[in-house]
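For reference, the structure discussed in these notes is given below.
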There are 2 protein chains.
Amino acid sequence: MRLSRGDNRLNERKKLILKAIVDAHIANGEPVGSKYLTLNKQIACSSATIRNEMAELEEMGYLEQPHTSAGRIPSEAGYRFYVDQLIDRYNLTQNEISELKAVLRQRQNELDAIMQTAVTLAARLTNYTALSVKPRQTRISVSRFEIMRLDSTTAVLIMLIGGIVKTKYIRSDRPIPQDAAMLLAGALNARLTGLTADEITMPILMEMERMLGEYDFLVSPVVKAVCETISVFDGGELRFEGINRLLAYPDYYDMDRLREMLALFEKKETLLEVLSEEAKGDDRVQVFIGRENVVKVMDNSTLIFKTVTQNGKPVGAIGVIGPTRMDYRRVIATIEGLTKSVTDALGGPKDEGTGRLPDHKD
Amino acid sequence: MRLSRGDNRLNERKKLILKAIVDAHIANGEPVGSKYLTLNKQIACSSATIRNEMAELEEMGYLEQPHTSAGRIPSEAGYRFYVDQLIDRYNLTQNEISELKAVLRQRQNELDAIMQTAVTLAARLTNYTALSVKPRQTRISVSRFEIMRLDSTTAVLIMLIGGIVKTKYIRSDRPIPQDAAMLLAGALNARLTGLTADEITMPILMEMERMLGEYDFLVSPVVKAVCETISVFDGGELRFEGINRLLAYPDYYDMDRLREMLALFEKKETLLEVLSEEAKGDDRVQVFIGRENVVKVMDNSTLIFKTVTQNGKPVGAIGVIGPTRMDYRRVIATIEGLTKSVTDALGGPKDEGTGRLPDHKD
DNA sequence: TTTAGCACTCAGAACGGTCAAGTGCTAATC
DNA sequence: GATTAGCACTTGACCGTTCTGAGTGCTAAA
């Protein structure tokens, strides 16, 4: 699909014209005509010449004509070429930068909270729908167990999973005395740390029951709870913000398209799969234009996102979804700045309460 | 507004006609004419007679005419009368009931998770946009603190707040030895349990610092973290599911209305305030039609919801939002069944891991 | 009190004509 | 050979008109 990299059939004037067309179409949303382009100071030739060039650009597949007597609009290949070759860097304004810094300043504790702030900010700064992804994880395990008794028959199981704390309630018919809780915590820490759900086998369970002696009735329900937690945890997560912003763009005035899009936002699994897959490799801003997106629904939309890393490992991604006719410069710059801020906030050495936590067992 | 309760100016035939009009309009979404109503076996008179009755109903404020030569549609008062007096009870089908039961069967641990399941189900069963509310709480306090050390400078603060566990990371420049953690936990439990954010005063802070001796540097950041948690916690929460379903109804074909509606879904504070306020009182299904909703945006929408209680206390609400022209019978029945299921799941005595937890301190 | 009949109203579809934007092509020009 | 001016052609958007059908309100008869 990405045929355009270094296409040397394009002379400078063609590039200029293509860029002008994409810019204009992004700005107005309407097909761009040859006459309009003559207003552009940089293109010093008549409308007729431009028409000839446009005809060639169309033949090459970079432009399209909605109907005979309309102007041209960029094709997907045109957008792709634009993004890869023609775009000039947009530098965030001082205002925008300081808003990004605000993410840092808030000193929130959890990865979750930071991502939430970031995605809200992304929606506001770009004025498109923003999304954040927590990718599906493969090897999830608990690195530390703790038990907190609440009353004679109730306790809370506290699990440390990759720097995130999860809790689960345990209720029992029979009393759970303090020493049972201690024993249980000991057994969990001794036998289940570092194991994924699949690796928890019957023999392990039986050995734990032996370790607990008269309190062996606790093992089965508790281990079940652990497995549930691990499974939920590796499920991945997808959040949206600013869905209503889509409506501001005439590109989504078609009710059917809009409905499909909104349905996509709710049926998160599909998108999650795509993103989890794509997010792994690259650590640059990624741009998927139109049909490049595997999801059919997104034919006329572009997805731009970038992974967020913590200690060099990807822990999620932040992105923006919008019409193919999107302000790429701004969006790319914004996403870049934002993920940088978030990554800083997550990895910063002296930043209290970052959610960054070592994995070892004390 | 609710002028209609027991309006005895309406003879039986008028009621029959009003009901038929509302039913038909709910089904088709179009104005209902006199001729169409003659098809209804229960109304045994000619179209002319019906026209006369309709004219009177319009004069009384129960019907409206979009334009001279169109049929009639119910006014808000008409819908109100219909909901209050004319509606007949819809009983959920066996299928629907068994789907509701599935909520129970899943035995999820957290209030949050149950509510999430419920709201998804509400959207699916009614085919409208569903919402769940966790109302703004007033007196939030921590009933129990625990500290879990992770390494020499990092620990997790675990707080039990009204049966829900919240965690917060603590990082420090200086090492936090085990005995400091114990001391800190002791001080927190001794001085901060039961206090709201406002009630934590300087003298309390100072006394805690005295209790901690050489580790007094921990007090200020930790207490700050506690306050933050409490504040976030009492913020209330609002979730939506099935936003795309709105688009299925021609009532939302107007882009501007739709955009406003979606904006409302994102600017949650407004709605949250309304719901938190309204949810307090009644424990029946509540129906707000059109302008009865304080929020202007919802002029042509109806909001139906019911509180969910846990041990008799309201802990949230589940509801549905949709066009005024909504299938009230089904929706009301579904919400009723659903909240009952959730309330059962939350309050059930032997149901392991319900999130229901006593508040005392062991 | 009910009903048949009829004139009237009005939104929406269908039609046709005009307009402006923009193209492709050709012939003239640099 | 590249560029440009000029012109015929295409086409969607816009606008006013007409037509149609649904539905009403009113009147007079049953």
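All figures in this text were calculated on a predicted structure; none of them were measured in a lab. The sequence lines fix the lettering, A, B, ..., with proteins before strands; numbering per chain opens at 1.
What separates CD1 of A:Ile43 from P of D:dT3 is a distance of 13 Å, to the nearest Å. The nearest whole Å value for the distance from the CG atom in B:Leu63 to the C1' atom in D:dT24 is 14 Å. Counting to the nearest Å, the C1' atom of D:dT24 and the CG atom of B:Leu57 are 15 Å from each other. Distance, A:Ile73 CD1 to D:dG12 P: 14 Å, rounded to whole Å. Protein atom CD of B:Glu12 is 17 Å distant from nucleotide atom P of C:dT1, rounded to whole Å. The CD1-C1' distance, from B:Ile17 to D:dG23, rounds to 15 Å in whole Å.
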- Message: Evaluate A:Met298 against A:Leu271 for side chain to side chain contact (heavy atoms under 4.5 Å, CB included), listing each step before the verdict.
- Response: CA-CA 10 Å; A:Met298 293 175 55; A:Leu271 205 50; 4.0 Å; yes
- Given salt bridge (charged side-chain N to carboxylate O under 4.0 Å, His left out), test B:Arg51 with B:Glu58 step by step and report yes or no. CA-CA 10 Å; B:Arg51 276 204 291 282; B:Glu58 182 172 356; over 6 Å; no
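The closest donor-acceptor contact from the side chain of B:Ser75 to the backbone of B:Gly61 lies under 3.5 Å.
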- Query: Which parts of nucleotides 5-24 of chain C does protein reach within less than 4.0 Å, heavy atoms only, written one letter per nucleotide 5' to 3' as B for base, S for sugar-phosphate only and - for none?
  - Reply: B---BBS---------BSBB
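Between B:Arg325 and B:Glu30 there is no salt bridge, since no side-chain nitrogen of the basic residue lies less than 4.0 Å from a carboxylate oxygen of the acidic one. Here B:Glu336 does not pair with B:Lys306 in a salt bridge; the nearest charged N to carboxylate O distance is not below 4.0 Å. Taking the charged nitrogens against the carboxylate oxygens, A:Arg72 and A:Glu64 have no contact shorter than 4.0 Å, which rules out a salt bridge.
At C:dT3, one or more side-chain N or O atoms of B:Thr49 fall inside 4.0 Å of OP1 or OP2 (strictly under the cut-off).
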